[in-house]
Amino acid sequence: MFFTNESNRPENVIAAAQEETVNMRDMRILRAKRSDRGWQLKYIALDDDLPVAAIERSLSRRLGEMVRMVNLHYDFDTAARMIYA
């Protein structure tokens, strides 16, 4: 799925991010917000060794806009509840 700049909405960006991260079961994309530099995606994860830079590059190419991912760094129990809920 490729999105043009006109059709990029937060729910479309989240859907694209979820497709990119479908095999990363210890991660969840929570929000997408447009910023002056592109898109900012907020996520939670149980593992800090995820290939976030590679995901950002792939999504940036796919969406045609810069994507930056921000880990919310929730504590393990809270993150696990949110990811597996």
query: Can you tell me how far CG of Asn71 sits from CG of Asp48, rounded to the nearest 0.5 angstrom?
result: 6.0 Å

task: Just do the side chain to side chain contact (heavy atoms under 4.5 Å, CB included) check on Leu59 and Leu41 with the steps written out, would you?
output: CA-CA 11 Å; Leu59 283 171; Leu41 300 180; 3.8 Å; yes

- prompt: Within a strict 4.5 Å, meaning less than it, do heavy atoms of the Val52 and Tyr43 side chains meet?
  reply: yes

- prompt: Does Ser35 reach the main-chain N or O of Gln40 with its side chain, forming a donor-acceptor pair under 3.5 Å?
  reply: no

query: Where the side chain of Ser58 meets the backbone of Ala54, is there a donor-acceptor pair that is under 3.5 Å apart?
result: no

Connected-component partners of Leu30 among ILVMFWY, side-chain separation under 4.5 Å: Ile44, Leu46, Leu72, Tyr74, Phe76, Met82, Ile83, Tyr84

query: From Ile29 CD1 over to Met24 CE, what is the distance, rounded to the nearest 0.5 angstrom?
result: 9.0 Å

statement: The reported gap from NZ in Lys42 to CZ in Arg68 (rounded to nearest 0.5 angstrom) is 9.0 Å

Pair listing, salt bridge (charged side-chain N to carboxylate O under 4.0 Å, His left out) test, anchored in residues 20-32, at least two apart: Glu20-Arg62

message: Going by the rule side chain to side chain contact (heavy atoms under 4.5 Å, CB included), which residues pair with Ala85 if we only count those two or more places apart in sequence or in a different chain?
response: none

message: Between the side chains of Glu65 and Arg37, is the shortest nitrogen-to-carboxylate-oxygen separation below 4.0 Å, so that they form an ion pair?
response: no

- line: Heavy-atom closest pair (Pro10 atom, Ala32 atom, distance to 0.1 Å) is CB-O, 3.6 Å

- request: Please report the closest heavy-atom contact between Ala79 and Ala45, naming both atoms and the distance.
  value: CB-O, 4.4 Å

statement: When every non-hydrogen atom of Arg9 is compared with those of Trp39, the smallest separation belongs to C-CH2, 3.9 Å

- request: Could you pull out all residues at least two apart from Asp77 that satisfy side chain to side chain contact (heavy atoms under 4.5 Å, CB included)?
  value: Asp75, Arg81

